[in-house]
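Have a look at the structure below before the remarks.
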Amino acid sequence: MNKEQSGVLKAWEATVRKTHAAKKRANSIFGTITMANATDDDLENNNDKSDNISGEPYLVEKILPNGDYYTGQWYDNFPEGQGKYLWTDGCMYLGEWHRGKTMGKGRFSWPSGATYEGEFKSGYIDGIGIYTGPSGDTYKGQWVMNFKHGHGIRFYPNGDWYDGEWRRGLQEGLGKYQWQNENHYIGEWKNGMICGTGTFVWSNENKYDGQWEDGMPKGNGTYYWSDGSFYVGNWSKDPDEQNGTYYPSESSQAANLEWDPQTVYIELADCKICPSENVSIMPSQKVLAWYSAKTDDNPRRLSIDGRVSVGIERPDKMHMWESDDDSTDLTEVRRDLDSELLCVQVQHQHDDTNPKFNLELPLKVPKLGKRPGETISRGHKNYELMLNLQLGIRHSVGRPAPATSLDLKAAAFDPKEKIWTRFPTEGSKYTPPHQSCEFKWKDYCPVVFRALRKLFKVDPADYMISICGNGALRELSSPGKSGSFFYLTEDDRYMIKTMKKSEVKVFIRMLFAYYNHVRSFENTLVIKYYGLHCVKLTGPIQRKVRFIIMGNLLHSEYTIHRRFDLKGSSLGRITDKSESEIDSTTILKDLDLNFIFKLEKAWFEEFCWQIDRDCEFLEQERTMDYSLLVGIHFKEISANGEFVPCGRRSSSGNYENESTPPDMEEHFLDPKRWGTIKLGANMPAKVERTIRKPKSVFHLVGEQTGECYEVIMFFGIIDILQDYDITKRLEHAYKSIQYDPTSISAVDPKQYSKRF
């Protein structure tokens, strides 16, 4: 037997010995992992890729290039099975591994003395586990992506405790909070605060049962004394809004007529909710040496935890939205268009010089478009209309009105509920003098829209400054397909759209349902409306201009690099601009889409649930032709203006991608930043590039490439006021003769909702 054969046999025997020893010691993940004896030759061979003849994990002990230490089971250049990793800063993980990631049950400890013991997934705290803080506080319950999410019990350092539902690290849903002094609350929570319906019980057995808002009684509620007497009324921190009736019990000696309900707010001010702790660094943020030590011909920014996927699995059916974990189908969108005319268009539109069709071409940052719109200054044909609009808004919003309650009466939604105000140039008792022409101003359902602005947390002063401040409005250069004109405020927060009389009727008809929907679903993706008005010019023209004020979905501190208006139909859903003509303000359509959007699993599930609720609402209101407006900000841009993928090409040609955008980690660390992320706004995510082949140009989703990019996403449902009227019915009938009926936009609301 020559020396080479002897060395291989020796390594194989050592591997077998250590593998059997590892299996015996792998019963408990929290036990100490001891090392089998091995010669220097064994360890030298174990570090060679070719030594793993057995095909099973074997034991190693490594001092890694960055000074970290790993001991445990190893396979194919990664930890696999049981292992312990010790970082130079004192953090340590002991538990299960899979392909170099913490996966399964394990224990992570911080230098501060804090520990987490429980389940991990792809490097994240995910599953059931117990976190013990450095001060002795503990949380036992469910986790998702480093967040307390689901049911859990939290014991605080000061003796308080909470048992209930959590969402993204904060109390939300039903739960019980008990203070050290034996006071306790049982009821609904929202964003870490008492909100909704619940009962607060004091240690002296007095209690309040009713509505809450921002941690204080707000709305209908009853205060009970231990002797059986009680007070029923409408509660508010504002004494002017507080009103109710005191009912003494039969056993009480004297009626407590001097009792002031405001004392309840003073008592509750001392019952503070313990804040969330700041964790210095999460396990998923710890750099693992076997990733950071690897080099690549094309340098790239490493992810925080260096995670790499082990291959791209191509599903049988393409889907545009999917979970980053489970690749869950949202809708089946493959549909061949067999029209001969469309086949001719396929050959004409496929272009190898366009990155939408050619994977070898990098995606580049679109040229910066001019700020959209023409500033309406003196001399502009609509200058007086703008002045009238601003005067009317200032009058409507600034007009004294009683405190707005969110519980509106049915009369507030009556189509006849509108207020006309005359604006003479010389001014009147209620209006100021102005330099525009005389006009009349109409407010539709003013109480409802005042309540909507309150519901959407719009400050009246900020609202007036945005629309009526020193900055002029900007008129978009061309009207939309509907013939409506759009105006943007100077700060881009609000968009004003002119409306046809038929659209106003549709909106007034559905206003009651719209109000209840947005009030019931805080995370609704349906666009937010703030006001509905009309300007009637006096004089010989007698022209009426109706318009609606809505939020700008894509207003952000981030630059929006790609904008898509998606309907789920294919006929005509492609931009008529070439790649060189597309800039950052271009609105692209369904057949321009060359990405699959990937959301973190919890957000993806919330997205699916919410889109179902929104579509049910729109279907019930018999509207259609609405769109999903999507804005994408790419986080990594190279010096030559190309978007940088978040992975690198493997030997197989696929991309090895991190599972989660690093920016999500920044939000995990600072609870104050969690509030900036919500469904449809400021969402860290990934997009996977797709390619359209000649045979699939008219598929809504192209072929997956595995090339992913870290992005910030914005999206919402717009244009919800199109009724399925006779015009749309005729359009459907006419186009159905020439094209596949399922490919056209004009279909009945039920089919539109299902397809959307």
- Aromatic ring centroids of His533 and Trp441 under 6.0 Å? yes
- Query: Are Glu241 and Lys218 close enough for a salt bridge, meaning some N to O gap below 4.0 Å?
  - Reply: yes
- Note on the structure: Heavy atoms of Leu174 and Trp189 approach each other most closely as C-CD1, 4.5 Å
- Query: Between Trp143 and Phe120, is the gap from one ring center to the other below 6.0 Å?
  - Reply: no
- Message: Nearest 0.5 Å, please: how far is CZ in Phe507 from CE in Met499?
- Response: 7.0 Å
- Task: Using a 4.5 Å cut-off on heavy atoms from C-beta on, say whether the side chain of Thr102 contacts that of Pro283.
- Result: no
- Take the angle between the ring planes of Phe521 and His517 and call it parallel below 30°, perpendicular above 60°, tilted in between. tilted
- Item | From OH (Tyr131) to CZ (Phe108), nearest 0.5 Å | 10.5 Å
- Task: Output all residues satisfying side chain to side chain contact (heavy atoms under 4.5 Å, CB included) with Asn220, sequence neighbours left out; order by chain, then residue number.
- Result: Asn234
- Query: Under a 4.5 Å cut-off applied to non-hydrogen side-chain atoms, are Trp212 and Cys195 in contact?
  - Reply: no
- Task: Report yes or no: does Tyr626 contribute a side-chain atom to a donor-acceptor pair with the main-chain N or O of Cys615 at less than 3.5 Å?
- Result: no
- Message: Would you call the rings of Tyr177 and Tyr156 parallel, tilted or perpendicular, taking 30° and 60° as the class edges?
- Response: tilted
- Atom OH of Tyr224 and atom CD of Glu205: how far apart are they, to the nearest 0.5 Å? 15.0 Å
- Heavy-atom nearest pair, Gly173 first then Glu165, reads CA-CB, 4.2 Å
- Item | Distance-only donor-acceptor check, side chains Asp227 and Ser229, under 3.5 Å | yes
- Item | Validation row, ring centre Tyr514 to ring centre Tyr529 under 6.0 Å | yes
- Quick one: closest heavy-atom pair of His151 and Trp166, and the distance? C-CD1, 4.4 Å
- On a heavy-atom basis, the closest approach of His633 and Thr559 is ND1-O, 2.7 Å
- Would you find more than 12 non-hydrogen atoms of other residues, nucleotides or ligands less than 6.0 Å from Tyr265 atom OH? yes
- Query: Can you find a pair of side-chain heavy atoms, one from Leu473 and one from Ile496, that are under 4.5 Å apart?
  - Reply: yes
- Is the gap between the ring centers of Trp179 and Phe200 under 6.0 Å? yes
- Message: Let me confirm one number: the CZ-CG distance from Phe413 to Leu408, rounded to the nearest 0.5 Å.
- Response: 4.5 Å
- Query: Are Lys105 and Glu119 ion-paired here, with the side-chain N under 4.0 Å from a carboxylate O?
  - Reply: no
- Message: Within the structure provided, determine whether Leu387 and His434 are in side-chain contact (heavy-atom separation under 4.5 Å).
- Response: no
- Message: Would you say Gln620 and Glu616 are linked by a side-chain donor-acceptor pair, where the criterion is simply a distance under 3.5 Å?
- Response: no
- Stacked cation flag Lys176 on Tyr185, 6.0 angstrom / 45 deg: no
- Kindly indicate, with the supporting measurements, whether the criterion side-chain contact (heavy atoms from CB on, under 4.5 Å) is fulfilled by Asn206 and Tyr223. CA-CA 8 Å; Asn206 292 351; Tyr223 186 92; 3.4 Å; yes
- Is it the case that Arg613 places NZ or CZ above or below the six-membered ring of Trp609, under 6.0 angstrom from the centre and within 45 degrees of the axis? yes
- Query: Taking all non-hydrogen atoms of both residues, which atom of Thr199 and which atom of Val201 are closest, and how far apart?
  - Reply: CG2-CG2, 3.9 Å
- Task: Check the pair Glu606 / Arg167 against salt bridge (charged side-chain N to carboxylate O under 4.0 Å, His left out), numbers first and verdict last.
- Result: CA-CA 11 Å; Glu606 184 175 337; Arg167 187 174 183 80; 2.2 Å; yes
- Message: Could you tell me if the side chain of Ile548 sits less than 4.5 Å from the side chain of Val504, heavy atoms only?
- Response: no
- After noting the C-alpha distance and the side-chain angles of Tyr246 and Trp225, does the key distance pass the ring pair (Phe, Tyr, Trp, His ring centres under 6.0 Å) rule? CA-CA 11 Å; Tyr246 173 78; Trp225 282 267; 5.4 Å; yes
- Got more than 12 heavy atoms from elsewhere within 6.0 Å of NZ, Lys140? no
- Side-chain donor or acceptor of Thr263 paired with backbone N/O of Asp260 under 3.5 Å: yes
- Message: Looking at Asp137 and Arg154, is any side-chain nitrogen of the basic one under 4.0 Å from a carboxylate oxygen of the acidic one?
- Response: yes
- Message: Any heavy-atom pair between the side chains of Leu452 and Val518 that's under 4.5 Å?
- Response: yes
- Please step through side chain to side chain donor-acceptor pair (under 3.5 Å) for the pair Ser466 and Glu490, ending with a clear verdict. CA-CA 7 Å; Ser466 291; Glu490 179 67 21; over 6 Å; no
- Nearest atoms (heavy-atom pairs only) where Asp126 meets Lys121: CB-CB, 3.7 Å
- Those residues that, when tested against Tyr444, pass ring-ring contact (aromatic ring centres under 6.0 Å, His included) (two or more places apart): none
- Expected output: side-chain Glu117 to main-chain Ile130 donor-acceptor under 3.5 Å: no
- Message: Between Asp160 and Lys272, is the salt bridge (charged side-chain N to carboxylate O under 4.0 Å, His left out) condition met? List the steps.
- Response: CA-CA 10 Å; Asp160 296 354; Lys272 298 184 182 299; over 6 Å; no
- Item | Aromatic contact, Tyr487 with Tyr494 (centres under 6.0 Å) | no
- Message: Counting the benzene-type ring for Trp, do Phe456 and Tyr530 have ring centres under 6.0 Å apart?
- Response: yes
- Asp614 vs Gln610, side chain to side chain donor-acceptor pair (under 3.5 Å): CA-CA, chis, key distance, verdict: CA-CA 6 Å; Asp614 291 339; Gln610 188 59 58; 3.0 Å; yes
- Message: Taking the side chain as everything from C-beta on, heavy atoms only, tell me whether Ile712 gets closer than 4.5 Å to Met683.
- Response: no
- Query: Taking atom CE of Met464 and atom CG of Asp459, what is their separation to the nearest 0.5 Å?
  - Reply: 8.5 Å
- Task: Please lay out, stage by stage, how Arg493 and Asp491 fare under the test salt bridge (charged side-chain N to carboxylate O under 4.0 Å, His left out).
- Result: CA-CA 6 Å; Arg493 288 183 178 274; Asp491 58 8; 3.8 Å; yes
- Task: I would like to know whether Ser226 and Asn204 meet side-chain contact (heavy atoms from CB on, under 4.5 Å); could you show each step before the answer?
- Result: CA-CA 8 Å; Ser226 56; Asn204 61 5; over 6 Å; no
- Report the distance from atom NZ of Lys190 to atom CG of Leu170, rounding to the nearest 0.5 Å. 13.0 Å
- Task: Show your working on side-chain contact (heavy atoms from CB on, under 4.5 Å) between Gln211 and Trp235 and close with a plain yes or no.
- Result: CA-CA 8 Å; Gln211 298 295 315; Trp235 293 73; over 6 Å; no
- Task: Check step by step if side-chain contact (heavy atoms from CB on, under 4.5 Å) holds for Val144 and Ile125.
- Result: CA-CA 7 Å; Val144 173; Ile125 295 176; over 6 Å; no
- Message: If you define the side chain from C-beta out and look only at heavy atoms, does anything of Leu389 sit under 4.5 Å from Ile467?
- Response: yes
